[in-house]
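Below: one structure, written as structure tokens.
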2 protein chains.
Amino acid sequence: MSDNLLLEKQLCFRLYSLNKLMCRLYAPILKELGLTYPQYLAMLVLWQNTEGISVKDLGSQLDLDSGTLSPLLKRMEVQGLLTRVRQSTDERVVIVKLTHKGIVLQQSAEHIPGEMFAVTGLTPDKLQSLNLELDQLIVNISD
Amino acid sequence: MSDNLLLEKQLCFRLYSLNKLMCRLYAPILKELGLTYPQYLAMLVLWQNTEGISVKDLGSQLDLDSGTLSPLLKRMEVQGLLTRVRQSTDERVVIVKLTHKGIVLQQSAEHIPGEMFAVTGLTPDKLQSLNLELDQLIVNISD
DNA sequence: ACAAATAAAGTTGCACGCAACTTAATTGCA
DNA sequence: TGCAATTAAGTTGCGTGCAACTTTATTTGT
């Protein structure tokens with residue numbers, strides 16, 4: 001009888017836990033901006049693509065399919081953060097583009113990364129190396 | 001204008017991505033057992049507590065509240081994996097206990113950790129140290 | 001040129017996760 | 001003792017994630 005089936009031994013459980021902890025950590029700050037956690041991650045991409053980005057490209061950066069993104073973006077459109085317009089050169093494609101309201105929201109979010117970083121108790125070097133380790137894991141698993 | 005608001009710089013995004021990747025990695029194997037990913041994590045705890053465990057204690061090990069756990073356990077009860085019985089000495093408490101079917105399912109799960117470990121491309125040492133780093137992070141964040 | 005294959009986005013249905021709340025039982029304290 | 005506070009579990013409502021599917025548009029091969 002191996003003890004491999006122990007919760008404490010499982011990497012997957014730590015990732016499951018940490019992700020939930022992160023959500024809960026961000027939730028109250030994001031609530032002030034009127035954003036959920038996945039919406040915030042989407043905004044991080046959109047703030048780097050103010051000229052607009054297709055749902056497909058947004059999804060590939062967030063690793064989300066249209067089944068998740070379409071309703072999420074629809075809610076953000078209702079909030080007035082972005083517009084969704086079909087591309088005239090290829091009517092299959094929908095371009096997501098931040099409104100003025102969506103763009104200026106970035107200023108209210110500037111303080112968040114620093115604040116969250118402080119809570120992790122990591123040094124910048126430790127954060128950097130952990131990020132690289134996790135990136136390697138992402139590559140290995142997603143091949 | 002800082003570049004802290006970059007998706008690629010965010011630890012939270014890596015944890016978000018990796019957790020989803022883990023779910024997708026486990027999903028097909030767990031489907032053979034008729035389990036979802038959170039149900040599998042619950043089974044890991046229950047296999048270590050065949051004498052039974054309260055919903056509260058199970059929740060504290062999984063870091064889940066009754067709002068999530070109650071319906072999840074109800075579904076697993078329907079599947080015949082466990083029973084839920086109110087404790088006679090304290091009628092507030094519900095004891096979750098695996099059925100025979102739930103207990104013997106462990107045998108079908110024995111191969112999973114090894115299989116999943118192989119995919120990570122980690123050495124045992126690397127896995128160990130990563131687990132410790134993540135544990136430290138969990139402690140720092142959840143205080 | 002045109003039918004088959006492919007691609008992009010959206011819809012549906014289900015299982016979480018969690019905030020906010022309700023219900024029922026137990027504890028604690030004046 | 002009696003009643004307020006606390007505790008355990010469950011319910012409700014909403015926002016993801018994702019599988020499976022549909023719809024519409026474009027591309028590909030002959």
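Each chain gets a letter, A, B and so on, in the order its sequence line appears, and its residues count up from 1. All values below come from the heavy atoms of this structure, side chains included, with hydrogens, waters and symmetry mates left out.
Taking side-chain N and O atoms only, K56(A) has a distance below 4.0 Å to OP1 or OP2 of dA8(C). Taking 4.0 angstrom as the limit, S70(B) places a side-chain polar atom (N or O) nearer than this to OP1 or OP2 of dG10(D). In terms of phosphate contacts, R84(B) brings a side-chain nitrogen or oxygen within less than 4.0 Å of OP1 or OP2 of dG10(D). Phosphate contact (OP1/OP2 of dA25(C), side-chain N/O of Q87(B), threshold under 4.0 Å): absent. Phosphate proximity of dT11(D) to K74(B): present, with a side-chain N or O under 4.0 Å from OP1 or OP2. One finds a side-chain N or O of Y16(A) lying less than 4.0 angstrom from the OP1 or OP2 phosphate oxygen of dG17(C). Between dT23(D) and R92(A), no contact under 4.0 Å exists linking OP1 or OP2 to a side-chain N or O. Phosphate contact (OP1/OP2 of dA9(C), side-chain N/O of R86(A), threshold under 4.0 Å): absent.
Looking at the side chain of D90(B), the nearest of the listed nucleotides dA9(C), dA25(C), dG10(D) is dA25(C). Nearest to the side-chain atoms of T36(A) among the listed nucleotides dA9(C), dT16(D), dC18(C) stands dT16(D). When each of dC18(D), dG10(D), dC16(C) is scored by its nearest atom to the side-chain atoms of V94(B), the top-ranked nucleotide is dG10(D).
At least one donor-acceptor pair closer than 3.5 Å links the side chain of Q10(A) to the backbone N or O of N4(A). Not one N or O on the side chain of E115(B) forms a donor-acceptor pair closer than 3.5 Å with the backbone of I112(B). Side chain of K97(B) to main chain of N49(B): no donor-acceptor pair is present (N/O by atom type, distance under 3.5 Å, no hydrogens or angles). Remark: the backbone N or O of L64(A) is not paired with any side-chain donor or acceptor of T68(A) at under 3.5 angstrom. Side chain of N140(A) to backbone of T120(B): a donor-acceptor contact under 3.5 angstrom is found.
We find that CD of Q39(B) is positioned 15 Å from P of dC14(C), with the value rounded to whole Å.
Across the interface with DNA chain D, nearest-nucleotide mapping of L72(A) and E91(A) shows L72(A) to be the residue nearer the 5′ end.
In this structure, S66(A) reaches the bases: a heavy-atom distance under 4.0 Å links it to at least one base atom across the strands shown.
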